[in-house]
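All values derive from a computational prediction rather than experimental measurement. Residue numbering restarts at 1 for every chain, and letters A, B, ... go by the order of the sequence lines.
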Amino acid sequence: MASQDIFSIQKNLADSLAEAIQSYGVSDVPVTIERPKDKSHGDFACPIAMHLAKKLKKQPLMIAQEIVQNLKVDQKMVEQVAVAPPGFINIKLRHQAFHQTLEQVLKTDGDYGKNDQGKEIRLLLEFVSANPTGPLNIVSARAAALGDSIAKLLTASGAQVTKEYYVNDAGVQARLFGESLIAACDRLKGGTAQAPEGGYQGAYMDDLAKDFVKISPAPDPGQWGMDQVIEWQKKSLERYEVRFDNWYSEKKNLHDKGLVTATVEKLKKANLTYEKDGAVWIKVSEFGAPKDEVLVKSDGYPAYFAADIAYHIEKYERGFNQIVDIWGPDHHGHIIRMKAALQAAGYQVERFSVIIAQQVNLLEAGEKVKMSKREGKFVTMDELLDQVGKDAARFFFVMRSANSHLDFDIEVAKKQTEENPVFYIQYAHARIFSLLRKCAEKELTPAKTASDFGLLQEPEPLLLLKELMEYPQWVLESGKALEPHRLVVYLQTLAADFHVFYSKHRILDAPPDVARARLALALGVKTVLRNGLGLLGVSVPDQM
RNA sequence: GCGCCUGUAGCUCAGUUGGAUAGAGCGACAGAUUCCGAAUCUGUAGGUCAGAGGUUCGAGCCCUCUCAGGCGCACCA
């Protein structure tokens with residue numbers, strides 16, 4: 001019998017159920033397969049009878065019984081189909097199905113979990129996109145961890161994902177940055193020049209100035225400074241193991257190509273704009289925004305919003321069918337404007353979504369660390385990495401949902417103890433590695449085929465097998481939902497259930513056949529822990 | 001004033017998009033090691049899911065209102 005993954009098992013069940021309810025002649029009720037929370041209810045559950053009850057004006061329990069009578073399922077995979085009040089259809093798989101899963105895990109190894117369920121997705125994921133005017137801070141660190149994990153998850157499900165960093169290197173920004181740099185140079189020579197209003201201050205500007213004065217002839221300060229800062233940012237991200245496919249320059253890709261003015265003209269022609277007080281406004285309020293916005297300022301220069309609209313239209317024009325941005329909490333008010341503008345311009349807004357990576361409160365010894373951008377006093381991503389390391393940082397940032405206001409406790413992240421959730425999972429992996437080494441010394445090798453796994457019959461190993469089976473689905477679902485924290489929850493559960501298994505069942509001194517089967521299970525868990533943490537950008541040490 | 005996010009155990013948070021008896025970690029308390037890693041495991045205590053209505057077979061999840069905290073609401077980017 002060909003081995004089946006969780007997707008095909010569920011699809012077969014759904015198809016069978018759909019066939020069984022065909023005689024009712026109800027077509028608009030989708031068949032859903034759920035995983036019941038309570039294990040005693042079986043491996044899958046279907047609430048279809050409850051949904052049908054109202055339409056058919058019959059008791060859900062009776063409908064469920066009728067469905068089960070008409071249901072034809074694969075007897076080799078399914079052990080039992082039962083009806084439970086108020087009308088659930090519960091399905092229990094044969095142990096054999098799980099034993100096949102383990103064979104699959106061991107065979108595919110590093111590829112286990114990869115699937116093609118998301119192959120129709122062509123996603124442009126824009127994140128971090130911090131202004132090239134200073135080092136990356138911890139909000140950027142959160143966005144970077146989140147975005148990179150989402151990209152990895154969806155890629156594992158067969159999607160094409162492009163990771164993009166939008167560089168705001170045009171206009172006012174560049175000018176202010178250049179003037180700030182000149183001021184810093186003056187201070188370096190003993191002068192008293194201050195950064196202009198809205199400019200940039202802080203120790204890093206002085207560092208830049210020191211390098212800038214050495215260059216002769218002097219380049220354009222704004223452009224040179226921003227290039228330097230971008231290099232810093234790339235270096236920080238490299239430490240973090242986050243790499244972008246595109247660094248999309250606002251200046252080069254939009255302004256220099258005339259796309260911003262072209263977009264404005266296009267919107268004008270579509271009668272979506274009007275003039276007031278010498279400025280050009282876009283009528284986004286007609287498309288759901290609270291008020292209209294300025295596209296071209298009265299000084300003739302396009303507003304930031306105009307460039308942003310041009311940029312997002314470009315995302316559509318490049319052929320992506322899903323467009324996702326990760327923004328900071330201070331930009332949430334921008335979402336509705338952007339959506340309104342895109343809708344006005346005739347693009348499918350449903351394909352565009354924004355994740356708000358909420359603020360991060362850094363805690364040190366239980367106290368909030370105060371940060372002020374104006375005074376150049378904020379915790380940088382590099383400082384965070386120096387303190388807690390890449391693994392803990394990335395894990396902490398993806399372990400909670402993006403829209404929770406995150407408390408990041410540096411003390412806990414630094415601790416190499418049970419208080420730190422990163423180590424719990426890593427420890428399970430290291431434990432298994434150590435076990436495998438011990439077994440190798442005894443020339444005990446893991447079993448390889450499903451028929452050898454028949455000895456895994458106790459509740460603990462069966463639970464682990466089931467979780468291994470579900471892994472690809474967690475990969476898919478947390479990717480599609482753009483919520484890596486779901487996978488974290490899964491991995492914590494898997495690690496916990498392994499520890500339970502490990503403390504209950506001996507491996508080395510079990511009879512050889514049993515030992516080899518249990519060893520194979522441990523190896524399977526290790527594989528999934530490694531693959532799963534890998535999708536979060538967290539490494540798995542063999543020893544700790 | 002308007003809008004967005006948040007409110008679940010002492011603390012930090014999950015809750016599989018509306019399913020069955022609301023979960024985990026930390027902290028507290030009580031236990032487990034002549035034995036594969038105790039960075040582990042077992043058990044106990046801890047809840048009016050902010051509050052009030054509503055929708056339906058069924059609500060922590062959806063709708064309305066109220067309260068509390070955070071953040072936005074520029075011809076800034």
Determine the Euclidean distance between corresponding C1' atoms of B/rA22 and B/rA68; express it in Å to zero decimal places. 23 Å
Quote, to the nearest angstrom, the C1' distance that separates B/rG23 from B/rA14. 7 Å
When you measure from the side chain of A/P36, which nucleotide among B/rC13, B/rU16, B/rA20 comes out closest? B/rA20
Answer yes or no: does a side-chain N or O of A/K276 lie under 4.0 Å from OP1 or OP2 of B/rC75? no
Counting only side-chain nitrogens and oxygens, does A/Y471 get under 4.0 Å of the OP1 or OP2 atom of B/rU16? no
Can you measure A/Q492 atom CD to B/rU12 atom P for me and round it to whole angstrom units? 17 Å
If you measure from the P atom in B/rC67 to the same atom in B/rG60, how many Å do you get, rounded? 24 Å
Sub-6.0 Å ring centroid separation between A/Y248 and A/Y165: no
Which donor-acceptor pairs under 3.5 Å do side chains of residues 42-54 of chain A form with protein atoms, sequence neighbours excluded?
from	atom 1	to	atom 2	distance (Å)
A/D43	OD1	A/K466	NZ	3.4
A/D43	OD2	A/L93	N	2.7

Is it the case that the ring center of A/W327 lies less than 6.0 angstrom away from the ring center of A/H334? yes
Taking the side chain of A/D407 as its heavy atoms from C-beta onward, which of B/rC36, B/rC75, B/rC13 lies nearest to it? B/rC13
Verify whether one side chain among A/N403 and A/S401 offers a donor that lies under 3.5 Å from an acceptor in the other. yes
In whole angstrom, give the distance that lies between atom CZ of A/R337 and atom P of B/rC4. 14 Å
Taking B/rA50 as the reference, what is the distance to B/rC13 when you measure between their P atoms (whole Å, please)? 15 Å
Is the shortest side-chain N/O distance from A/H334 to OP1 or OP2 of B/rC4 below 4.0 Å? no
Aromatic ring centroids of A/H312 and A/F352 under 6.0 Å? yes
B/rU33 phosphate, OP1 or OP2: any side-chain N/O from A/S503 under 4.0 angstrom? no
With rounding to whole Å, what would you report as the distance between B/rC62 and B/rU17 at their P atoms? 13 Å
Categorize A/D169 for me: base, sugar-phosphate, or nothing, with a 4.0 angstrom heavy-atom threshold over every strand shown. nothing
Separation between the C1' atoms of B/rC49 and B/rU8, rounded to whole Å: 4 Å
